[in-house]
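All heavy atoms count here, side chains included; hydrogens, waters and symmetry mates do not.
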Amino acid sequence: MAVSSLLPDLIPGLPEEIGNECLTRFHYSTHRLAVRVCRRWQELLQSKEFYYHRKRTGYTQKAACLIQSLKCDSDPDGSKPDGPPRYGITAFEPVSGTWGRVDPVPKYPDGLPLFCQITSCEGNILVMGGWDPTNYEAVRDVQGKQMPETRSFFAAGELDGRIIVACGHDEHKNALRTAWEYDARMDEWKELKPMSEERDECQGVVIGSEFWMVSGYRTDNQGQFEGSAEVMELETGQWFRVEEAWKASQCPRSCVGVGKEKLFSWADCDSAIRVGVCSAPLGEWTFVSGSAHQGGPTGFFLVDQQTGKCNTIDEISQQFSGFIQSGCCVDI
């Protein structure tokens, strides 16, 4: 990250390398203010090269980025607001226990598309698809080039800048077996080989260098979830089928966990998270949310990946206590 000697020092009185290392150690929450110090700081902190440098040296922080229902105040008479629930993006950083709200997507200032998917790539958040909250029509929106096909309740995953989108159903409720890859660096889509069968409401999970499509159901088998999975080797683009990878009849959406020997459902792990489960792996920890019963309050937990111990996240403000639809890990 060499810089011309004609430019002003990053930090007056310090060698360039030392100044760079000082800025590298800034917590991500300070960057919004730090970019205002001077143009050099702004250009450095917002550059891809600086992000890669922070990640290589271990100074990025893992956070859970969550599609969460926005709490609305009730009317004066105590009634609940009319209309569909509104969703925004919440960020939770486990080391500091910090909660925050990400700025709204410009196209959807009053709430994200319903049932949209979220993933991350190189420190950026990508929100894809879902239903327009005003007319319930499926959208192909991405923070980049639109998806080539309209699909809902699809699966998504990311590895090394490659985002895989697969299956779900089309605008006529027909289950799909097609898959596409989005190159976030080039802002381009590429069609992948289709799977052997349709999989609606499946769940995508990246394990090592493989993309797993877990469960789902065919058009003529509505709601009867498969026990199988299909796996794509990301290096070759080839799919292969794995039988008995999942508990048949159990919905996999947002609750697939990865154990040492097999996949499991977080909903089976604790009585406090039986319903509406969502999980996001965060390195040594996994963020998990859910309710004990239908209509119950949402609980929030950090699960130690080594011991399996489930720790309750306490003292959450009202604005961050809403239901979580889906989530992902982002290195910030």
Side-chain angles (χ1 to χ4, degrees), residues 1-66 68 88-106 109 118-127 142-144 158-163 182-187 206 280-287 300 302 304-306 311 313-317 319-320 327-332:
M1 299 179 65
V3 180
S4 170
S5 60
L6 297 178
L7 296 174
D9 294 338
L10 277 174
I11 299 177
L14 290 180
E16 190 74 15
E17 293 78 8
I18 301 299
N20 186 55
E21 289 306 309
C22 289
L23 269 64
T24 298
R25 287 161 171 76
F26 281 7
H27 190 271
Y28 74 87
S29 61
T30 67
H31 287 189
R32 183 171 293 186
L33 292 177
V35 295
R36 302 177 184 178
V37 171
C38 64
R39 181 172 293 180
R40 276 214 66 198
W41 281 30
Q42 180 184 35
E43 292 175 349
L44 179 65
L45 292 171
Q46 294 180 345
S47 69
K48 282 292 184 184
E49 291 77 11
F50 185 69
Y51 171 79
Y52 297 142
H53 176 68
R54 289 179 62 242
K55 190 167 184 177
R56 284 194 305 270
T57 53
Y59 288 103
T60 53
Q61 285 84 34
K62 291 186 181 298
C65 281
L66 312 163
Q68 184 176 42
I89 302 175
T90 296
F92 171 69
E93 202 266 290
V95 175
S96 63
T98 303
W99 293 82
R101 192 80 75 201
V102 177
D103 292 339
V105 175
I118 185 172
T119 187
S120 68
C121 179
E122 300 178 345
N124 296 315
I125 302 168
L126 285 90
V127 178
V142 181
Q143 285 137 300
E158 184 273 342
L159 180 68
D160 296 334
R162 301 168 61 190
I163 296 169
Y182 177 64
D183 186 325
R185 300 185 183 101
M186 302 299 294
D187 192 23
V206 174
L282 303 174
E284 297 179 358
W285 301 88
T286 296
F287 173 90
F300 304 92
L302 280 176
D304 189 310
Q305 291 280 50
Q306 294 297 320
N311 302 283
I313 303 173
D314 296 315
E315 299 180 2
I316 300 172
S317 67
Q319 65 173 321
F320 299 121
C328 69
C329 172
V330 58
D331 278 314
I332 304 178

Specify the closest pair of heavy atoms between [X] and [Y], including all atoms of both residues, with the distance to one decimal.
{"X": "R101", "Y": "Q319", "answer": "NH2-O, 2.7 Å"}
{"X": "D9", "Y": "R40", "answer": "C-NH1, 4.0 Å"}
{"X": "A280", "Y": "A64", "answer": "CB-CB, 4.3 Å"}
{"X": "S120", "Y": "C328", "answer": "N-SG, 3.9 Å"}
{"X": "C121", "Y": "I163", "answer": "CB-CD1, 4.1 Å"}
{"X": "F320", "Y": "I316", "answer": "O-CG2, 3.5 Å"}

Exercise. Return the orientation label for the W99 and F300 ring planes: parallel under 30°, perpendicular over 60°, tilted otherwise.
Key: perpendicular
Between atom [atom1] of [X] and atom [atom2] of [Y], what is the distance when rounded to the nearest 0.5 Å?
{"X": "L44", "Y": "L10", "atom1": "CG", "atom2": "CG", "value": "6.0 Å"}
{"X": "C22", "Y": "L14", "atom1": "SG", "atom2": "CG", "value": "6.0 Å"}
{"X": "F26", "Y": "L45", "atom1": "CZ", "atom2": "CG", "value": "7.5 Å"}
{"X": "F50", "Y": "Y59", "atom1": "CZ", "atom2": "OH", "value": "11.5 Å"}
{"X": "I332", "Y": "H27", "atom1": "CD1", "atom2": "NE2", "value": "8.0 Å"}
{"X": "I125", "Y": "L66", "atom1": "CD1", "atom2": "CG", "value": "9.5 Å"}

So, [X] versus [Y]: side-chain donor-acceptor pair below 3.5 Å or not?
{"X": "T24", "Y": "R54", "value": "no"}
{"X": "H31", "Y": "Q42", "value": "no"}
{"X": "Q46", "Y": "Y51", "value": "no"}
{"X": "Q305", "Y": "T286", "value": "yes"}

Practice problem: Go through the steps to decide whether Y28 and T60 satisfy the test side chain to side chain contact (heavy atoms under 4.5 Å, CB included), and finish with yes or no. | Solution: CA-CA 8 Å; Y28 74 87; T60 53; over 6 Å; no
Practice problem: Any chance you could lay out the side chain to side chain contact (heavy atoms under 4.5 Å, CB included) test for E16 and N20, step after step, and finish with the verdict? | Solution: CA-CA 6 Å; E16 190 74 15; N20 186 55; 5.6 Å; no
Quiz item: Stepwise, does the side chain to side chain contact (heavy atoms under 4.5 Å, CB included) test hold for E93 with V95?
Solution: CA-CA 6 Å; E93 202 266 290; V95 175; 3.1 Å; yes
Exercise. Could you tell me whether R25 atom CZ has more than 12 heavy atoms of other residues or ligands within 6.0 Å of it?
Key: yes
Quiz item: Would you call C65 and I118 a side-chain contact if the rule is heavy atoms closer than 4.5 Å?
Solution: yes
Quiz item: Which is it for V330 and T119 under the side chain to side chain contact (heavy atoms under 4.5 Å, CB included) test, yes or no, and what are the steps along the way?
Solution: CA-CA 8 Å; V330 58; T119 187; over 6 Å; no
Self-check item: Salt-bridge contact E284-K62 (side-chain N to carboxylate O under 4.0 Å)
Solution: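 No, E284 and K62 are not salt-bridged.
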Quiz item: Do the charged groups of K55 and D331 touch, with an N to O distance under 4.0 Å?
Solution: yes
